[in-house]
Amino acid sequence: MAVTHTGPDQHLGSITDSLAERLGHRLAPDQIITDLTRLRTYECDAITGYRVVPSLVALPESTDEVAAVVAACADAGVPFVARGAGTGLSGGALPVADGVVISLARMRRVLGIDLPNQRMTVEPGVTNADVSRAVAAHDLYYAPDPSSQTVCTIGGNIAENSGGAHCLKYGFTTNHVYAMTLVLPDASVVTVGGAGLDTVGPDLRGAVIGSEGTLAIATSITVRLLRKPETVRTLVADFDTAEAAGEAVSGIIAAGIIPAAVEMLDALAIEACEAAVHAGYSLDTAAALVVELDGPEAECDEGFSRVKEICTSAGTTNIRVAADAGERMLIWQGRKAAFAAMGRISPDYFVQDGVIPRTRLGEALAEMQVMADEAGLRVANVFHAGDGNLHPLVLYNAAVDGESERGEKLSTAIAELCVAMGGSITGEHGVGTDKACSMPKMFAEDDLAVMKRLRSAFDPAGICNPGKVFPTPRLCGERPGPYRVHPLEAAGLIERM
Ligand SMILES: Cc1cc2nc3c(=O)[nH]c(=O)nc-3n(C[C@H](O)[C@H](O)[C@H](O)COP(=O)(O)OP(=O)(O)OC[C@H]3O[C@@H](n4cnc5c(N)ncnc54)[C@H](O)[C@@H]3O)c2cc1C
């Protein structure tokens with residue numbers, strides 16, 4: 001069966017009509033979308049292989065309006081899916097057929113900045129980068145920095161517990177959120193968390209962060225701001241083999257140094273990034289490490305010298321030290337553009353997000369190369385090496401017969417390799433639709449049952465982003481991946497909506 005690619009079901013049209021009518025009493029006409037052409041804008045996230053056209057999109061502008069939309073859905077028994085910027089890489093914001101998408105894109109206000117306590121409260125549609133921008137003049141910033149930070153929203157970040165290059169030292173989103181206002185699936189409004197990161201009682205804040213929009217919709221989020229470090233030092237070290245670069249990563253961490261970031265790019269990733277950004281990465285190297293240290297000047301200088309020594313003993317062929325803030329920005333621009341840049345070297349790609357123990361980096365990369373050679377495909381690697389969080393990009397051309405199937409198989413095999421090496425199927429992109437079927441590879445029935453009970457406690461009716469995270473027979477019976485023509489469609493017997 002081809003990938004999910006559905007349109008609104010006609011027999012549910014009357015439910016949608018009555019929902020639209022009810023919402024019409026609470027929202028302005030331009031806050032409700034029912035027109036098929038405009039609905040298509042919301043049919044997928046950054047995993048474009050999965051597409052489902054929702055029945056209705058609501059664009060609320062306040063907590064009360066979100067609660068009104070959720071109440072209407074709850075009364076009608078219609079599923080809903082929260083959506084931020086739609087940059088998710090696991091199909092988390094994929095609409096449910098015949099369901100409603102609640103887009104938080106219009107909730108972009110900064111609600112309060114508490115400078116003495118280094119806290120800021122924002123609506124969920126504020127972008128990650130805009131949080132830091134709002135307090136930059138006060139030498140403060142928000143630490144988690146997904147590469148998509150100029151576009152992705154804080155709401156999406158809390159749902160995915162997003163990471164980024166600098167989360168090695170500073171921790172993921174969950175370490176930077178104090179409190180949230182939530183609209184629960186029964187439309188009640190609650191606040192979880194408090195003034196500190198550790199509050200009395202069960203950590204409901206922690207339960208919601210990383211729950212991929214399946215427990216509630218966050219409508220305001222209070223985040224922690226950090227003071228900008230006194231000094232930042234960045235270098236790029238080239239290596240003849242990815243294994244040698246992997247050894248350098250293990251050596252740096254084993255030496256007790258905690259860099260702000262350690263990122264790795266292999267030759268293919270460098271080729272793509274250079275074509276897109278011209279950040280000055282060496283084109284004739286097998287792998288490059290970007291290592292950044294920050295903190296007090298003396299500590300930084302000492303750690304930086306040690307990092308250079310470790311890279312040298314691991315066999316680096318060249319070390320480039322960023323001379324100033326401009327050069328550092330350029331190096332990061334190259335790294336952060338990596339996914340988008342893949343279009344320069346391949347028409348299509350699958351991205352995985354597996355985690356492995358970082359001491360096994362070299363081994364994992366070598367094994368992946370063998371698997372790629374066997375599949376006759378190329379795999380580009382650009383990833384958070386310090387966390388052992390791989391982002392293998394399996395390159396393929398959907399126009400070539402059989403390549404997407406081979407790519408998909410290789411991609412899944414790489415995720416399974418990560419689990420077999422003692423790691424995880426996802427480090428930061430979430431399970432969503434894409435990896436739901438792989439959950440049993442990591443968790444026993446009992447584990448999944450406990451997770452489902454937590455979910456039911458928040459959402460007994462199962463209307464809040466259903467079909468995500470947990471494997472279902474329907475999903476597992478289907479083959480994930482980009483759109484493929486169904487044999488009946490090829491025969492002219494059915495049409496794609
Ligand atoms: C080029 C590129 C680079 C990326 N780099 C990184 C990276 O370095 N690190 C990383 O972690 N991720 C990365 N991502 C993935 C993605 O950007 C993150 O997962 C991000 O947090 C998604 O935010 P969004 O606003 O786009 O959310 P969406 O994609 O719209 O939604 C993601 C999930 O959040 C839920 N959701 C959205 N808003 C809310 C809300 N207010 N309340 C409850 N649930 C909500 C949705 O239902 C969905 O399940 C990258 C993506 C791209 C395209």
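Nothing fancy with the numbering, it's 1 onward along the sequence. Every number for a ligand or one of its atoms is a count from 1 in the order of the listing. From a predicted model like this one, the values you see are computed outputs, not experimental measurements.
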Show which atoms of ligand 1 fall inside a sub-4.0 Å distance from at least one heavy-atom site of [X].
| X | value |
| --- | --- |
| N465 | 47 (O), 49 (O) |
| G213 | 44 (N) |
| G84 | 25 (O), 28 (P), 30 (O), 37 (C), 38 (N) |
| E212 | 49 (O) |
| N157 | 20 (C), 21 (O) |

So which heavy atom in the protein is nearest [atom], and how far is it from that ligand atom?
| atom | value |
| --- | --- |
| atom 36 (N) of ligand 1 | A159 CB, 3.7 Å |
| atom 8 (O) of ligand 1 | S147 N, 2.9 Å |
| atom 41 (N) of ligand 1 | A218 O, 3.0 Å |
| atom 27 (O) of ligand 1 | G156 CA, 3.5 Å |
| atom 18 (C) of ligand 1 | S162 OG, 3.7 Å |
| atom 29 (O) of ligand 1 | G88 N, 2.8 Å |
| atom 31 (O) of ligand 1 | A93 CB, 3.8 Å |
| atom 24 (P) of ligand 1 | A85 N, 3.5 Å |

Smallest separation among heavy atoms of [X] and [Y], with atom names:
| X | Y | value |
| --- | --- | --- |
| K228 | A136 | NZ-O, 3.4 Å |
| I221 | P124 | CD1-CA, 3.9 Å |
| P144 | G171 | CG-O, 4.4 Å |
| N389 | G354 | ND2-O, 3.3 Å |
| L19 | A76 | CD1-CB, 4.1 Å |

Please work out which of the three classes, parallel, tilted or perpendicular, describes the rings of H429 and H391, given edges at 30° and 60°.
parallel

Report yes if some heavy atom in the side chain of [X] is under 4.5 Å from a heavy atom in the side chain of [Y]; otherwise report no.
| X | Y | value |
| --- | --- | --- |
| P471 | P440 | yes |
| R344 | E271 | no |
| C273 | R335 | no |
| V78 | V96 | no |
| V135 | I113 | yes |
| V232 | E292 | yes |
| F350 | I414 | no |
| V223 | H176 | no |

Return yes or no for this condition: an N or O of [X] is under 3.5 Å from an N or O of ligand 1.
| X | answer |
| --- | --- |
| I217 | no |
| G92 | yes |
| D45 | no |
| L104 | no |
| S148 | yes |

Heavy-atom distances under 4.0 Å are what count here, so tell me which part of [X] touches ligand 1: side chain, backbone, both or neither.
| X | answer |
| --- | --- |
| P124 | side chain |
| T219 | neither |
| H429 | side chain |
| E160 | side chain |

Going by the closest heavy atom to [atom], which one wins out of [options]?
| atom | options | answer |
| --- | --- | --- |
| atom 11 (O) of ligand 1 | P146, S103, P95, G163 | G163 |
| atom 2 (C) of ligand 1 | F172, Y42, F339 | F339 |
| atom 7 (C) of ligand 1 | E428, M180, K468, R335 | E428 |

Taking the basic N atoms (NZ, or NE/NH1/NH2) and the acidic carboxylate oxygens, is any pair closer than 4.0 Å for D145 and K336?
yes

May I ask whether G86 has any heavy atom positioned less than 4.0 angstrom from an atom of ligand 1?
yes

Using heavy atoms and a 4.0 Å limit, tell me yes or no: is A216 in contact with ligand 1?
yes

Row check, Y178 ring normal vs R119 NZ/CZ: under 6.0 Å, within 45°
yes

